[in-house]
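In what follows, a single structure is set out as structure tokens and then discussed.
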Amino acid sequence: MNLLEYEAKSLLARYNIPVPQGSLYHAGDPEPTAPLVLKSQVHSGGRGKVGGVKVVPEQFNVTTVANSLFRLEINGEVPQTLLAEEVLDIDHEYYMSLLIDRSTAAIELVAHRDGGVDIESHATTEFYKVLVNPETIESTGEGLAEYLGLEGQSFALQDLLQNLYHCFVESDALLIEINPLVLTHDNQLVAGDCKMSLDDAASFRHTDWQFEQEPANANFVVLDQNGTVATIANGAGLAMATVDAITTKGLVPANFLDIGGAATVGGIMRSFESILEFPQVNAIVINIFGGIVRCDEVAAAILEAKEQFETLPNLFIRLSGNRSTEAAELLRAKGITLYPDLSTCLEEVAHG
Ligand code: GDP
Ligand code: MN
């Protein structure tokens, strides 16, 4: 799950990492006073290069600039909000990020002396890369200061690195990228921009997470982009058996999904949304053996999905166990067929 810049910066601020003063600006809000920077809050990067970051000088009309940003589509996304920030008096822009190095399963620091919008073209010159661990993080910070030529800010940089490390670990981050890390003319280090990606699978640990992008269902696995039969099941075993049965029938399963015991209507609706992204799916097999999961909850989600999505593929449903009688009543009242077991479902799928 990727955070918007303002969400990422508010996490940084919680860990005492300096960020510019700023606030959110929605269409129609009272006009803030220039000078300021207006930044389009969309998920994709590279906003600067396409005009998604605008410095509005003193006496200029903020609303006019804001309106143009609200209309500017960046990689298919228009912003719902802008971030209005104090203008930084930039002396130099650096690049700094923490990420998980897959081969060592360790957290890696990646830095570059020349950050900013042209970082990709700097890829020819070496990035500074070093693994980070809590025991030696102070000297890592010192080494970083030396590499960046920021010896004068060594202590501030060490603090920043330690805070960033704690933020990374405690937030279950996969990536935190500060680009640019700004050195101002009065020698302050400030996170000018931040990109943050958090691990969806850790969302259960963070009941306070409330970001614009919702965590993906951690138990939704894409099997074949061009699969024709999608699956919704509960329990990993039953979900695997469902996928296997589809394959045995000579059909191509698109996904594996275990909705788990705590399935809610909202969660199941998100699963339908994920399924609708497969271009070839023409059948959805719903195979629920309700132990903890309530079949009537699943039935409610099915009815809502039928209402909300015009192009829902045919459903082949088998529900048994916890509250399946109530579920059957709900569905039959709307003329939806239920099947007694998976093999009958699949017979029907195979017949089209
Ligand atoms: P990105 O292009 O999506 O990564 O957006 P950034 O927030 O990184 O902004 C892009 C560029 O805009 C930065 O590299 C800076 O050069 C410039 N910029 C952003 N904020 C300020 C600011 O407060 N003052 C000045 N002078 N430039 C800024
Ligand atoms: Mn940036």
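We number each residue from 1, following the sequence as shown. Atoms within a ligand are numbered from 1 in the order they appear, just like the ligands themselves. Atom set for the values below is all heavy atoms of this structure, side chains included, hydrogens, waters and symmetry mates excluded.
At a threshold of 4.5 Å between non-hydrogen side-chain atoms, the residues Leu315 and Ile302 count as touching. For the pair Val221 and Leu257, the minimum side-chain heavy-atom distance is 4.5 Å or more. Residues Asn314 and Ile284 fail the side-chain proximity criterion, which asks for heavy atoms closer than 4.5 Å. In this structure the side chain of Met96 reaches within 4.5 angstrom of the side chain of Leu109, judged on heavy atoms.
Protein N/O/S atoms found under 2.8 Å from the Mn ion (ligand 2), listed by chain and residue number: Asn179 O, Asp193 OD2.
Minimum interatomic distance between Glu85 and Lys39 (heavy atoms only, all atoms of both residues): OE1-CD, 3.8 Å.
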Under 3.5 Å, which donor-acceptor pairs link side chains of residues 245-254 to any protein atom two or more places apart or in another chain?
from   : atom 1 : to     : atom 2 : distance (Å)
Thr247 : OG1    : Val243 : O      : 3.0
Thr248 : OG1    : Asp244 : O      : 2.8
Lys249 : NZ     : Glu347 : OE2    : 2.6

Give me the pairs of N or O atoms, one from ligand 1 and one from the protein, that sit under 3.5 Å apart.
from     : atom 1 : to     : atom 2 : distance (Å)
ligand 1 : 2 (O)  : Arg47  : N      : 3.2
ligand 1 : 2 (O)  : Gly48  : N      : 2.7
ligand 1 : 3 (O)  : Gly46  : N      : 3.4
ligand 1 : 3 (O)  : Arg47  : N      : 2.9
ligand 1 : 3 (O)  : Arg47  : NE     : 2.7
ligand 1 : 3 (O)  : Arg47  : NH2    : 3.4
ligand 1 : 4 (O)  : Asp193 : OD2    : 3.0
ligand 1 : 5 (O)  : Arg47  : NH2    : 3.2
ligand 1 : 7 (O)  : Lys39  : NZ     : 2.5
ligand 1 : 7 (O)  : Arg47  : NH2    : 3.3
ligand 1 : 8 (O)  : Asn179 : O      : 3.2
ligand 1 : 8 (O)  : Asp193 : OD2    : 3.1
ligand 1 : 14 (O) : Glu93  : OE1    : 2.7
ligand 1 : 16 (O) : Glu93  : OE2    : 2.6
ligand 1 : 23 (O) : Leu88  : N      : 2.8
ligand 1 : 24 (N) : Leu88  : O      : 3.3

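Partners of Asp114 by side chain to side chain contact (heavy atoms under 4.5 Å, CB included), not counting sequence neighbours, listed by chain and number: His92, His112, His122.
Checking side-chain atoms of Asp258 against main-chain N and O of Gly235 turns up a donor-acceptor pair under 3.5 Å.
Checked by atom type, the side-chain pair Thr81/Gln41 shows no donor-acceptor distance below 3.5 Å.
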